[in-house]
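This report concerns only the one structure given below.
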Amino acid sequence: GYDVHGYDVDEEKVDSLVDDGGVARDSPADLVSAVSVVITSLPDPPIVEEVYLGDGGLLDGDPDGVVALEMSTIDPDTTIELETTLAGTGLDVLGAPVSGGPEASYDGTLTVMVGGAEAAFEREDVQAVLHELGSNVYHTGAVDSGHTLKLLNNTMSMGNLLLAMEAVSLGAE
């Protein structure tokens with residue numbers, strides 16, 4: 001039920017989007033000029049910064065009134081830097097990483113931990129997108145808080161996995 005516009009450096013991914021009824025965009029700048037909510041989920045902080053701030057990035061378009069949901073698994077400091085740099089540009093950023101894995105993403109049952117300005121979080125269009133992606137959506141505070149919680153969750157999950165492997169190893173002796 002949404003008009004989905006997309007850009008990716010991988011043309012095959014863009015072709016797949018178009019095959020599914022989406023609209024291809026030529027750059028992040030072109031994309032931000034056509035939508036009210038942008039979702040970014042990128043491999044690492046340098047690529048996040050390039051997509052937002054680089055040549056042809058989101059700021060090179062018309063971002064006025066757009067909310068960006070930054071869903072990458074990145075460090076909280078990058079999210080703070082984005083919010084600071086974007087202040088006054090008309091592009092609001094919400095740090096909105098997810099938890100739940102691929103199955104939850106297919107089912108729309110992700111947990112989304114959203115940090116950032118409450119006014120941007122409460123916008124009807126933003127809420128609609130967040131609740132389409134996840135069944136558990138939480139406003140967690142400052143822009144970096146969602147990414148902080150995501151990293152803490154990952155640390156606890158890996159710690160529990162390590163503990164379980166140690167227990168199995170001990171039991172096998």
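Basis for what follows: all heavy atoms, side chains included, without hydrogens, waters or symmetry-related copies.
- With hydrogens and angles ignored, the 3.5 Å screen pairs a side-chain donor or acceptor of Ser105 with a backbone N or O of Pro102.
- With rounding to the nearest 0.5 Å, the separation of CD1 in Ile39 from CD in Glu70 is 11.0 Å.
- From Asp30, atom CG reaches atom CZ of Arg25 across 4.5 Å, with rounding to the nearest 0.5 Å.
- When the shell of 6.0 Å around CG of Asp55 is examined, it contains 12 or fewer heavy atoms from other residues, nucleotides or ligands.
- Two residues are said to be in side-chain contact when any heavy atoms from C-beta on lie closer than 4.5 Å; Pro28 and Val51 meet this criterion.
- Partner of Leu82 under the side chain to side chain contact (heavy atoms under 4.5 Å, CB included) criterion, chosen from Val48, Val143, Thr40: Val48.
- Criterion: ILVMFWY side-chain heavy atoms under 4.5 Å apart, direct or through other members. Under it, Leu58 and Ile47 are part of a common hydrophobic cluster.
- Linking ILVMFWY residues whenever their side-chain heavy atoms come closer than 4.5 Å, directly or via other members, places Tyr2 and Val112 in the same cluster.
- Atom CD of Glu11 is surrounded by 12 or fewer heavy atoms from other residues, nucleotides or ligands within 6.0 Å.
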Give the C-alpha distance, both sets of side-chain angles, the deciding distance and a yes or no for side chain to side chain contact (heavy atoms under 4.5 Å, CB included) between Val32 and Leu59. CA-CA 8 Å; Val32 78; Leu59 277 184; over 6 Å; no
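- Judged purely by distance below 3.5 Å, without hydrogens or angles, the side chains of Tyr52 and Thr85 never pair a donor atom with an acceptor atom.
- Of the possible polar contacts, one joining the His147 side chain to the Ser72 backbone as a donor-acceptor pair under 3.5 Å is found.
- For the atom pair CG (Leu133) and OG1 (Thr111), the distance works out to 12.0 Å, reported to the nearest 0.5 Å.
- The backbone N or O of Pro76 sits nowhere less than 3.5 Å from a side-chain atom of Thr148 that would complete a donor-acceptor pair.
- When the shell of 6.0 Å around CG of Asp10 is examined, it contains more than 12 heavy atoms from other residues, nucleotides or ligands.
- Here the CD atom belonging to Glu49 is positioned 11.0 Å from the CG atom belonging to Leu42, to the nearest 0.5 angstrom.
- Note on Val67: it clusters hydrophobically with Met71, by side-chain heavy-atom contacts below 4.5 Å among ILVMFWY residues.
- Remark: side-chain polar atoms of Thr109 are not paired, donor with acceptor, to backbone N or O of Ser135 under 3.5 angstrom.
- Side chain of Gln127 to backbone of Phe121: a donor-acceptor contact under 3.5 angstrom is found.
- For the pair Thr140 (side chain) and Val114 (backbone), a donor-acceptor distance under 3.5 Å is present.
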